[in-house]
Amino acid sequence: MKVLIVEDEPRMARMLQQGLTEEGHQVDVCGRAGEALPQAESIAYDVILLDWGLPDQDGVSLLRTWRGRGLRTPVLLLTARGSTGEKVVGLRAGADDYLVKPFDFDELLARTEALARRGGGAQQPVRRAGELEVDLGRQVLRRGQVEVPLTRREFALLEALLARAGDVLTRAELLAQVWGEAFDGSPNVVDVYVGYLRQKLERAGAVEASVESVRGLGYRLRLDGGRPA
């Protein structure tokens with residue numbers, strides 16, 4: 001499984017990450033909602049383990065945002081709140097299952113694996129534009145026998161551009177989608193990563209796709225042959 005843990009308590013996050021890794025699963029950890037929001041939308045996780053209490057936004061609100069944007073990845077909500085009413089709130093917000101702290105790791109593992117088998121998946125495994133393929137699970141560009149891996153940010157940027165191929169996205173829109181609403185660095189980071197992405201597209205021989213600058217506005221992904229399948 002590919003699992004995202006959204007947990008701000010370091011000890012709990014380490015325990016979950018270590019346990020799942022020892023079971024052979026691939027695990028990423030986020031400690032804040034602002035970080036987890038774009039990451040879950042840009043990487044095809046099998047399951048998300050989401051803590052209710054996060055420092056910048058509660059987990060239920062984050063979950064509602066994901067579901068409102070169409071994210072279908074199964075979510076196991078972790079919380080110290082055990083009342084029936086609170087469980088109902090979490091499930092109605094879009095949680096697929098609910099586990100009250102403290103819990104037994106074996107039970108968490110069994111529930112997580114059950115959710116992964118049930119599936120849901122936020123995106124299709126591969127998107128294509130002509131001979132160019134974007135492997136969402138492995139985060140690589142592929143054209144023929146050539147594969148070029150993307151970093152997490154490069155992949156998130158490409159996904160944002162792919163979702164609205166042909167449309168202009170402003171730097172502010174790209175910053176919000178790729179770096180999160182809480183990002184307070186320089187907007188020029190978008191220009192830097194567009195440069196990285198262009199280099200990767202060139203390395204892949206992606207003649208079908210190019211990232212165009214639209215002066216005074218932002219960037220758009222041009223695809224010869226129309227939108228990706």
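Each residue takes its place number in the sequence, starting with 1. Note that this is a predicted model, so its numbers are computed, not measured.
- Taking a 6.0 Å sphere around CD of Glu202, one finds it holds 12 or fewer heavy atoms contributed by other residues, nucleotides or ligands.
- In the hydrophobic clustering of ILVMFWY residues, with side-chain heavy atoms under 4.5 Å counting as a link, Val211 and Val140 come out apart.
- In this structure, CD on Gln26 lies 11.0 Å from CG on Leu4, to the nearest 0.5 angstrom.
- Judged purely by atom type and a 3.5 angstrom limit, Asp56 uses its side chain to pair as donor or acceptor with the backbone of Gly34.
- Considering every non-hydrogen atom in both Ala204 and Arg143, the closest pair reads O-CB, 3.4 Å.
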Item checked: Worked verdict on Glu9 versus Lys101 for salt bridge (charged side-chain N to carboxylate O under 4.0 Å, His left out) -> CA-CA 13 Å; Glu9 207 287 307; Lys101 300 177 181 178; over 6 Å; no
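- Taking 4.5 Å as the limit, some side-chain heavy atom of Val134 sits within range of a side-chain heavy atom of Leu141.
- The side-chain heavy atoms of Met12 and Leu78, taken from C-beta on, include no pair separated by under 4.5 Å.
- Listed here is the closest heavy atom pair of Phe105 and Gly19: CZ-C, 3.4 Å.
- Of all the heavy atoms in Leu91 and Asp96, the pair that sits closest is CD2-C, 4.4 Å.
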Notebook entry, point to check: Run the salt bridge (charged side-chain N to carboxylate O under 4.0 Å, His left out) check on Arg171 and Asp191 step by step: do they pass?
Noted result: CA-CA 8 Å; Arg171 286 177 178 81; Asp191 306 319; 2.9 Å; yes
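- No donor-acceptor pair closer than 3.5 Å links the side chain of Asp8 to the backbone N or O of Leu54.
- Considering only heavy atoms from C-beta on, Tyr196 stays 4.5 Å or farther from Leu150 through its side chain.
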Next item on the list: Starting from the C-alpha separation in whole Å, work towards a yes-or-no answer on side chain to side chain contact (heavy atoms under 4.5 Å, CB included) for Tyr219 and Val190.
Entry: CA-CA 10 Å; Tyr219 296 98; Val190 175; 4.0 Å; yes
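- The nearest pair of heavy atoms linking Ala93 to Leu63 is O-CG, 3.7 Å.
- From Asp104, atom CG reaches atom CZ of Arg111 across 11.0 Å, with rounding to the nearest 0.5 Å.
- Side-chain contact between Leu49 and Leu20: present, with at least one pair of heavy atoms (C-beta onward) separated by less than 4.5 Å.
- Between the CD atom in Glu7 and the CZ atom in Arg14 there is a gap of 11.0 Å [rounded to 0.5 Å].
- By the 4.5 Å heavy-atom criterion applied to side chains, Lys2 and Asp46 are counted as neighbours.
- Here the CZ-CG distance, from Arg67 to Leu62, works out to 10.0 Å after rounding to the nearest 0.5 Å.
- Checking side-chain atoms of Trp66 against main-chain N and O of Leu37 turns up a donor-acceptor pair under 3.5 Å.
- Looking only at distances, a side-chain donor or acceptor of Glu208 sits under 3.5 Å from a matching main-chain atom of Glu131.
- Shown here for Leu223 and Ala165, the closest heavy-atom pair between the two residues is CD1-CB, 3.8 Å.
- For the pair Leu157/Arg153, no side-chain contact is recorded, criterion being any heavy-atom separation below 4.5 Å from C-beta on.
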Margin query: What verdict does the side chain to side chain contact (heavy atoms under 4.5 Å, CB included) test give for Asp97 and Thr112, after you've listed the backbone C-alpha separation in whole Å, the side-chain angles of each residue and the deciding distance to 0.1 Å?
Written below: CA-CA 9 Å; Asp97 201 356; Thr112 302; over 6 Å; no
Next item on the list: Walk me through it: do Ile48 and Leu71 pass the test side chain to side chain contact (heavy atoms under 4.5 Å, CB included)?
Entry: CA-CA 11 Å; Ile48 298 172; Leu71 188 79; 4.1 Å; yes
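- Taking Ile, Leu, Val, Met, Phe, Trp and Tyr as hydrophobic and joining them when side-chain heavy atoms fall under 4.5 Å apart, one finds Val168 in a cluster with Val214, Leu217.
- In the hydrophobic clustering of ILVMFWY residues, with side-chain heavy atoms under 4.5 Å counting as a link, Phe103 and Val3 come out together.
- Here the side chains of Leu169 and Leu221 are not in contact, with every heavy-atom distance at 4.5 Å or above.
- A distance of 12.5 Å separates CG of Leu50 from CG of Leu99, quoted to the nearest 0.5 Å.
- Here the straight-line distance linking atom OG1 of Thr73 with atom OH of Tyr45 works out to 10.0 Å at 0.5 Å rounding.
- Counting all heavy atoms, side chain and backbone alike, His25 lies closest to Leu109 at NE2-CD1, 4.1 Å.
- Taking 4.5 Å as the limit, every side-chain heavy atom of Asp51 sits out of range of all side-chain heavy atoms of Val6.
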